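Some notes on the structure that comes next.
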Amino acid sequence: MIRSVVRGFGAALPKRVMTNRDMEDVVDTSDEWIVQRTGIRQRYIAGEGETTSSLGEAAARAALDRAGLTPADVDVIICATSTPDNTFPATAVNIQNRLGMHHGFAFDVQAVCTGFVYAVTTADAYIRGGLAKRVLVIGAETFSRILDWNDRTTCVLFGDGAGAIVLEAAEGEGTTADRGVLTAHLRSDGSHKEKLYVDGGPSTTGTVGKLRMEGREVFKYAVGMITDVIQAAFDATGTSADDLDWLVPHQANRRIIDGSAKKLHIAPEKVVVTVDLHGNTSAASIPLALATAAGDGRIKEGDLVMLEAMGGGFTWGAALLRW
């Protein structure tokens with residue numbers, strides 16, 4: 001059967017680092033308070049000339065270089081983002097143009113923090129369906145531009161950045177020993193919209209709006225939703241936490257990450273954590289974490305890797321792949 005195998009990975013971050021100490025000059029907060037409740041120590045903030053598409057392009061080029069490929073080798077670009085350059089066209093199209101790519105097609109996926117898992121699942125379907133041989137999957141965000149910098153409960157949590165992978169069609173035997181995406185499980189429930197949303201949009205206010213979140217409510221649901229889709233992935237493949245080499249979660253909050261891993265009996269040493277370095281970068285957080293752990297040699301070819309995320313909507317999902 002056809003599998004979608006990771007050929008390359010890449011990441012890009014803005015130049016400016018904003019530490020928790022820097023945050024103390026912006027809102028009434030403290031490094032101790034932020035670290036204790038979230039695990040975040042710093043985040044990157046996009047500056048002038050740094051956009052979702054410029055960060056996405058840089059991450060895409062890094063992934064292509066690592067794969068030994070060029071934009072000419074790519075059939076499709078899928079960009080997961082909630083902070084597009086424009087209402088339209090899609091940021092993926094802007095990235096396509098920046099890469100000098102004038103063939104194939106490109107589009108965005110909007111599932112907030114779960115966006116990258118949705119994008120990987122979509123790319124896998126295109127590859128297995130024979131519609132593409134190689135797909136560039138990007139998660140890119142500039143969340144700093146939709147934050148209310150007077151709201152200390154939200155502005156300390158988020159950062160900017162981008163990550164990317166190249167998925168390529170390859171022959172597999174149809175077993176869990178195959179490299180590539182093995183299974184994916186997506187969920188959403190719009191009844192939770194008011195718990196995490198942006199209070200603006202073209203058809204409602206005609207403005208971009210600012211991020212609003214009921215933090216306790218999100219936390220209350222997060223662990224249960226995450227464990228639901230991870231367990232579904234285990235059940236679908238006949239695997240378990242013991243078989244897993246790495247859990248690469250959405251980097252929203254260290255307590256959510258630890259709580260989910262504990263509930264699923266996944267050993268702490270198997271969990272990739274970068275929330276302390278990047279903060280919550282929404283759809284960019286999983287590919288940034290992947291690039292960090294694969295780049296430093298932790299994630300190796302043949303490793304069994306679980307991706308999971310939960311975000312506004314609510315949306316949530318998990319994808320199990322062999323690296």
Side-chain angles (χ1 to χ4, degrees), residues 9-23 26 29 31 33-47 50-52 54-60 62-63 79-83 112-117 119-120 137-147 149 153-165 196 211 213 215 218 222 226 246-258 260-261 271-296 298-299 305 307-312:
F9 59 87
L13 293 162
K15 296 175 184 176
R16 180 188 173 195
V17 177
M18 189 175 194
T19 66
N20 290 347
R21 297 295 183 194
D22 296 327
M23 272 290 178
V26 178
T29 191
D31 174 67
W33 188 91
I34 298 170
V35 172
Q36 183 181 33
R37 285 163 176 77
T38 71
I40 298 168
R41 296 183 182 277
Q42 64 173 43
R43 72 286 292 148
Y44 290 78
I45 304 296
E50 292 178 319
T51 63
T52 298
S54 72
L55 293 168
E57 177 201 3
C79 180
T81 187
S82 296
T83 51
V112 201
C113 301
T114 320
F116 188 75
V117 177
V120 166
V137 186
I138 304 164
E141 303 281 15
T142 47
F143 252 59
S144 63
R145 293 186 174 140
I146 58 169
L147 297 178
W149 287 93
T153 65
T154 58
C155 71
V156 302
L157 303 177
F158 296 90
D160 305 330
I165 60 173
L196 178 55
L211 184 147
M213 181 172 71
V218 174
I226 289 165
W246 297 103
L247 172 65
V248 183
H250 166 50
Q251 308 290 316
N253 183 302
R254 182 64 191 258
R255 290 192 295 171
I256 294 174
I257 294 170
D258 291 346
S260 302
V271 183
V272 175
V273 178
T274 59
V275 69
D276 55 324
L277 302 175
H278 304 143
N280 183 345
T281 55
S282 190
S285 81
I286 289 176
L288 277 171
L290 277 173
T292 299
D296 65 23
R298 276 178 288 171
I299 297 178
V305 180
L307 315 180
E308 62 83 356
M310 178 260 197

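Because only heavy atoms are used, hydrogens play no part in the values below, and waters and symmetry mates are left out as well, while side chains stay in. This one's a predicted model, so the numbers in the text were calculated from it and none came from an experiment.
Residues that satisfy the side-chain hydrogen bond (donor to acceptor under 3.5 Å, both in side chains) test with Ser260, not counting sequence neighbours, are absent from this structure. By the side chain to side chain contact (heavy atoms under 4.5 Å, CB included) test, Ala60 pairs with Leu99, Leu136, Ile138, sequence neighbours left out. Among residues two or more places apart in sequence or in another chain, the side-chain hydrogen bond (donor to acceptor under 3.5 Å, both in side chains) test is passed with Thr153 by Asp151. Scanning for ring-ring contact (aromatic ring centres under 6.0 Å, His included) contacts around Tyr44 gives an empty result, with sequence neighbours left out. Gln251 pairs by the side-chain hydrogen bond (donor to acceptor under 3.5 Å, both in side chains) definition with nothing, not counting sequence neighbours. Among residues two or more places apart in sequence or in another chain, the salt bridge (charged side-chain N to carboxylate O under 4.0 Å, His left out) test is passed with Arg298 by Asp296. Not counting sequence neighbours, the partners of Asp258 by the side chain to side chain contact (heavy atoms under 4.5 Å, CB included) test are Arg254. Annotation: side chain to side chain contact (heavy atoms under 4.5 Å, CB included) contacts of Asn253 (sequence neighbours excluded): Thr38, Arg255, Ile256. Residues passing the salt bridge (charged side-chain N to carboxylate O under 4.0 Å, His left out) test with Glu308: none are found, sequence neighbours excluded. Take Ala46 and apply the side chain to side chain contact (heavy atoms under 4.5 Å, CB included) test, not counting sequence neighbours, and it matches Pro14, Glu50, Thr142, Arg145, Asp160. For Asp276, there are no side-chain hydrogen bond (donor to acceptor under 3.5 Å, both in side chains) partners two or more places apart in sequence or in a different chain.
Inter-residue side-chain proximity for Val272 and Val305 is flagged as unmet; no heavy-atom pair is nearer than 4.5 Å. Between Leu307 and Leu290, the closest side-chain pair of non-hydrogen atoms falls below 4.5 Å.
Residues Ile286 and Ala309 come closest through the heavy atom pair CD1-CB, 3.9 Å. Contact record, Gly161 with Ala284: O-CB, 3.3 Å, taken as the closest heavy-atom pair. The heavy-atom pair separating Gly312 from Val112 by the smallest distance is O-CG2, 3.5 Å. The two atoms that bring Cys113 and Asn280 nearest to each other are SG-OD1, 4.1 Å, heavy atoms only. The two residues Leu55 and Ala12 make their nearest non-hydrogen contact at O-CB, 3.4 Å. For the pair Ala162 and Ala140, the tightest heavy-atom approach, listed with the atom from each and the gap, is CB-CB, 3.7 Å.
Here CD1 of Ile226 is found 8.5 Å from CD1 of Ile257. Values are rounded to the nearest 0.5 Å. The CD1 atom of Ile40 sits 12.5 Å away from the CE atom of Met18 when rounded to the nearest 0.5 Å. Taken to the nearest 0.5 Å, the CD1 atom of Ile45 stands 7.0 Å off from the CG atom of Leu147. Here the straight-line distance linking atom OG of Ser144 with atom CH2 of Trp149 works out to 6.0 Å at 0.5 Å rounding. Note that CD1 of Ile146 and OG of Ser282 are 7.5 Å apart. Values are rounded to the nearest 0.5 Å. Between the CZ atom of Phe143 and the OG1 atom of Thr154 there is a distance of 10.5 Å, given to the nearest 0.5 Å.
Checked by atom type and distance alone, the side chain of Thr292 pairs as donor or acceptor with a backbone atom of Leu288 at under 3.5 Å. The closest donor-acceptor contact from the side chain of Arg43 to the backbone of Val156 lies under 3.5 Å. Although no hydrogens or angles enter the test, the distance criterion places a donor-acceptor pair under 3.5 Å between the side chain of Thr51 and the main chain of Ser54.
Counting only N and O atoms by type, the side chains of Thr83 and Glu141 include a donor and acceptor under 3.5 Å apart.
Within 6.0 Å of CZ in Arg41 there are 12 or fewer heavy atoms belonging to other residues, nucleotides or ligands.
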